[in-house]
Number of protein chains: 2
Amino acid sequence: MNNQNKNQQEEELSLKLFIVLTRALESIKRRVEEDIKCLGLNPTEFAVLELIYNKGDQPIQKIGQKVLIASSSITYVVDKLEKKNLLKRRPCPKDRRITYATITTAGTELMNDVFPKHKSAIQEICAGLENNEKKLMIQQLKKLGYYAQGL
Amino acid sequence: MNNQNKNQQEEELSLKLFIVLTRALESIKRRVEEDIKCLGLNPTEFAVLELIYNKGDQPIQKIGQKVLIASSSITYVVDKLEKKNLLKRRPCPKDRRITYATITTAGTELMNDVFPKHKSAIQEICAGLENNEKKLMIQQLKKLGYYAQGL
DNA sequence: TATAATTATCTCGAATTCGAGATAATGAAG
DNA sequence: CTTCATTATCTCGAATTCGAGATAATTATA
């Protein structure tokens, strides 16, 4: 096989990887979404609430960094969660530019009930692989992701 | 280690897999999007055009199945590509419910120019892994994805 | 101190996607 | 042939996300 053909095959392989990656995550996401939907939350709202539940109060700006959405979107999501009484805004006394998002009692109670179930749902959704296969995939995905990120 | 702790660890592993998978694909998608943006196309438009370019004319309904978007979204995307003169609608003579999306000369010329570059861009983006690592990951992702899909 | 640059949040309009339902054509069953 | 179910496309309104830019507070610099 000459170099050109070899290169073409490699390109096909990468393209296939990209497609399979996209499809696999789509399937998983769909299941996770189903798991969350009954709470009246979408994945973004859940992610924000989970962040505050697990990591404590967060400046609104930090939320966007960790959940990877734009600042204008964060405002929107926090608004929604605030309307649902699951979190509230609390101004920072030391820096008046900053607003913290703080989980409410209702939010904590909801997550106490729901988060364990959520984890076990993801466990079931990902049961197509053995534990050691998952560990390897995590490692490889990190390699792949960090490389792409660093470009 | 007792059974409960073991189970907790497994759940953490699945959760981590889900997060790493999401992040890796985000990084890759961002790069791919950059590659396409200069054409004035978003990823969905590109996917639809690519489908018709590589697989020939498609009933509009089939496009939605393959690119995984809702029928109402397909109408919107095809409208946009038609306005850009990259494809056009052609009624099916045998079944008057069906409309084919057909690539135009301009669309073909664009893809002739761009598609090879696109593949090589993805090759570069995915260069964090060796070929045999990619092959393994494809295989494992399929296992994971099919399982989740079948739930 | 005054000025400039940076940071955090928000507003607004646009783009994209979806779901529900409308319309029209086809196929199946009696 | 009529009626009913199915299929393909489209319309419409709502939800979500983004980017550009506004506002206000803070920090750095001359």
Side-chain angles (χ1 to χ4, degrees), chain A residues 22 25-26 29-34 36-49 51-52 57-84 86-102, chain B residues 22 25-26 29-34 36-49 51-52 57-84 86-102:
Chain A
T22 304
L25 187 56
E26 258 164 12
K29 257 190 184 166
R30 193 161 297 139
R31 298 298 164 205
V32 173
E33 216 159 317
E34 281 169 18
I36 294 169
K37 198 165 42 190
C38 58
L39 310 175
L41 299 178
N42 68 27
T44 308
E45 292 170 292
F46 187 81
V48 170
L49 195 58
L51 176 69
I52 301 176
D57 297 5
Q58 302 283 327
I60 282 178
Q61 217 257 344
K62 293 278 176 205
I63 298 174
Q65 285 167 21
K66 302 204 181 177
V67 183
L68 293 187
I69 56 177
S71 67
S72 48
S73 309
I74 281 294
T75 299
Y76 172 74
V77 175
V78 169
D79 280 351
K80 283 180 61 189
L81 287 169
E82 204 170 22
K83 271 173 202 149
K84 289 172 185 168
L86 298 172
L87 61 75
K88 55 183 187 226
R89 285 176 163 88
R90 179 171 62 76
C92 172
K94 300 190 177 174
D95 186 336
R96 291 192 300 172
R97 291 171 303 179
I98 295 176
T99 303
Y100 287 105
T102 305
Chain B
T22 304
L25 187 56
E26 259 164 11
K29 258 189 180 165
R30 193 162 297 141
R31 297 300 165 203
V32 173
E33 217 160 316
E34 280 169 17
I36 293 168
K37 199 166 39 188
C38 58
L39 309 175
L41 300 177
N42 70 27
T44 307
E45 292 171 291
F46 187 82
V48 170
L49 195 58
L51 175 69
I52 301 177
D57 297 5
Q58 301 284 325
I60 282 179
Q61 216 255 344
K62 292 279 176 203
I63 298 174
Q65 285 167 21
K66 301 203 183 177
V67 182
L68 294 186
I69 54 178
S71 67
S72 49
S73 309
I74 280 294
T75 300
Y76 171 74
V77 175
V78 169
D79 280 352
K80 282 181 62 191
L81 288 169
E82 204 170 22
K83 271 174 202 148
K84 289 172 186 170
L86 298 172
L87 61 74
K88 54 181 188 231
R89 284 178 165 88
R90 179 172 61 76
C92 172
K94 300 191 175 173
D95 186 337
R96 290 193 301 173
R97 291 171 303 179
I98 295 176
T99 304
Y100 287 105
T102 306

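Lettering follows sequence order; numbering is per chain, from 1.
Listed by chain and residue number, B:Arg30, B:Arg31, B:Lys37 satisfy the side chain to side chain contact (heavy atoms under 4.5 Å, CB included) test with B:Glu34 (two or more places apart in sequence, or in another chain). Every residue two or more places apart in sequence or in another chain that forms a side chain to side chain donor-acceptor pair (under 3.5 Å) with B:Glu82 is listed here: B:Arg89. Remark: B:Arg96 engages no residue in a side chain to side chain contact (heavy atoms under 4.5 Å, CB included) (not counting sequence neighbours). Partners of B:Gln65 by side chain to side chain contact (heavy atoms under 4.5 Å, CB included), not counting sequence neighbours, listed by chain and number: B:Gln61, B:Lys62. Listed by chain and number, the residues in a side chain to side chain donor-acceptor pair (under 3.5 Å) with A:Lys29 amount to none (sequence neighbours excluded). Legend: residues meeting side chain to side chain donor-acceptor pair (under 3.5 Å) with B:Glu45, ordered by chain and number and at least two apart, are B:Asn42, B:Lys80, B:Lys84. Residues meeting the side chain to side chain donor-acceptor pair (under 3.5 Å) test with B:Asp95, sequence neighbours left out: B:Arg97. Listed by chain and residue number, A:Ala70 satisfy the side chain to side chain contact (heavy atoms under 4.5 Å, CB included) test with A:Ser72 (two or more places apart in sequence, or in another chain).
Here C:dT9 presents its P atom at 13 Å from CD of A:Glu82, a figure rounded to the nearest Å. Rounded to whole angstrom, the span from the CD1 atom of A:Ile60 across to the P atom of C:dA8 amounts to 12 Å. Atom pair A:Gln61:CD and C:dC10:P shows a separation of 11 Å (rounding to whole Å applied). The CD-C1' distance, from A:Gln65 to C:dT9, rounds to 13 Å in whole Å.
Contacts classified as salt bridge (charged side-chain N to carboxylate O under 4.0 Å, His left out) and involving residues 63-76 of chain A (residues at least two apart or in different chains) are not found.
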Shorter than 3.5 Å, N or O on both sides, protein versus nucleotides 12-18 of chain C: list them out with atom names.
unit_1	atom_1	unit_2	atom_2	d
C:dT16	OP1	B:Asn42	ND2	2.6
C:dT16	OP1	B:Lys80	NZ	3.0
C:dT16	OP2	B:Tyr76	OH	2.8
C:dT16	OP2	B:Lys80	NZ	2.4
C:dT17	OP1	B:Thr44	OG1	2.6
C:dT17	OP2	B:Thr44	OG1	3.4
C:dC18	OP2	B:Ala70	N	2.9
C:dC18	OP2	B:Ser73	OG	2.7

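Contacts between residues 93-100 of chain B and DNA chain C, defined by a heavy-atom separation below 4.0 Å, involve B:Lys94, B:Asp95, B:Arg96, B:Arg97, listed by number.
Of all non-hydrogen atoms in A:Tyr100 and A:Pro59, the two that sit nearest each other are CD2-N, 3.5 Å.
Terminal axes of the helix from C:dT1-D:dA30 to C:dG30-D:dC1 (five pairs each, C1' rotation axis) are separated by 10°, to the nearest 10°.
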